[in-house]
Amino acid sequence: MPMTQSPPFAAGIDLGGTKIEAQIFDFSFNRVTFHRIPTPQTYDALVAAMADQISWVESHATGLPLGIAAAGLIHPVTGIALTANLPASGKPFPADIALAAGRAVTYINDCRAQALSEAQFGAAKGYASALCLNLGTGIAGGFVVGGALLPSALGLGGEYGHFALPAHVVQAHALPIIACGCGRSGCMETLISGPGLARIVQHRTGRSLTAQQIVALRANDAAIAQCWAIWCDLAAELIHTLSLTLDPACIVLAGGLSQAPNLVDDLTQAASKSALRGYAPPPILMAQGGDATAARGAAYAAFLERGRA
Ligand SMILES: [Zn+2]
């Protein structure tokens with residue numbers, strides 16, 4: 001377990017579908033220590049586990065700013081959670097955690113936390129604005145301007161995976177329009193998430209491969225390489241849409257699919273083709289925060305929130 005002599009300054013809890021990791025950070029937001037437990041699969045056990053992790057934080061230092069980063073949305077009026085990978089949908093999850101833990105917590109979408117962390121401490125440090133794009137089992141991100149997340153009225157800003165697919169790319173490659181987990185059809189996420197890449201390959205070649213296998217095969221298999229090029233074109237269209245909407249100074253890639261070798265080069269090339277004539281796409285960078293990034297962003301968000309209070 002990494003230990004430094006720096007006193008605890010803020011804490012973050014990364015709540016994922018399989019593990020809950022509590023992390024304590026020092027004044028420079030370097031990780032001091034952490035504690036990992038599996039994610040329970042029922043709501044009551046999940047709330048209790050979150051309270052346990054908060055107790056663990058409190059046992060190191062009481063009253064630290066404490067942020068929770070988790071996938072999904074919290075409705076700003078009702079406080080009700082909407083999440084695909086936790087048994088918390090339809091519940092007032094942040095309020096129940098605060099009640100069980102007996103203290104206030106900051107609750108932030110994990111991709112927004114990651115964006116904040118990368119802008120403040122990671123790949124986008126020094127850029128006037130940064131858009132962080134998480135390419136994983138889903139597609140989402142966050143947009144940071146001047147070190148702070150862009151205010152979002154309903155918390156929806158960053159759910160980029162649910163933009164509609166670009167018609168000209170769908171038509172050119174006869175791609176399928178698939179029902180999305182969000183209730184709509186033909187969302188970007190259905191084809192450019194990890195499972196989406198697998199769907200492109202299944203549709204075009206009839207082969208059932210995981211995203212990881214596809215990434216490994218693309219150099220030596222022409223049919224797979226073609227599917228990868230289509231995936232890059234779709235992802236480039238997402239970058240194009242985001243560039244025209246937010247005009248970020250850089251784009252930071254995170255998530256499982258971002259680990260594909262040469263992704264930055266492939267996407268930069270595809271994005272250059274999609275961009276408006278005479279305008280280069282923003283620099284595309286790799287996230288630097290590693291395992292700690294979402295928890296660090298949540299801890300930083302909690303620190304900022306306390307400063308505003
Ligand atoms: Zn969708």
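Just follow the structure's listing: the first ligand is 1, and inside any ligand the first atom is 1.
- Listed by chain and residue number, nothing satisfies the ring pair (Phe, Tyr, Trp, His ring centres under 6.0 Å) test with Phe25 (two or more places apart in sequence, or in another chain).
- Within the structure, ring-ring contact (aromatic ring centres under 6.0 Å, His included) contacts touching residues 231-283 (residues at least two apart or in different chains) are Trp228-Trp231.
- Listed by chain and number, the residues in a ring pair (Phe, Tyr, Trp, His ring centres under 6.0 Å) with Tyr43 are Phe93 (sequence neighbours excluded).
- Looking only at atom types and distance, the side chain of Asp14 has no donor-acceptor partner in the side chain of Gln23 under 3.5 Å away.
- Using modelled atom types and a 3.5 Å distance limit, the side chains of His35 and Gln53 yield a donor-acceptor pair.
- Protein atoms of type N, O or S found under 2.8 Å from the Zn ion (ligand 1) total 4.
- There is no side-chain donor-acceptor pair under 3.5 Å between Thr293 and Gln114.
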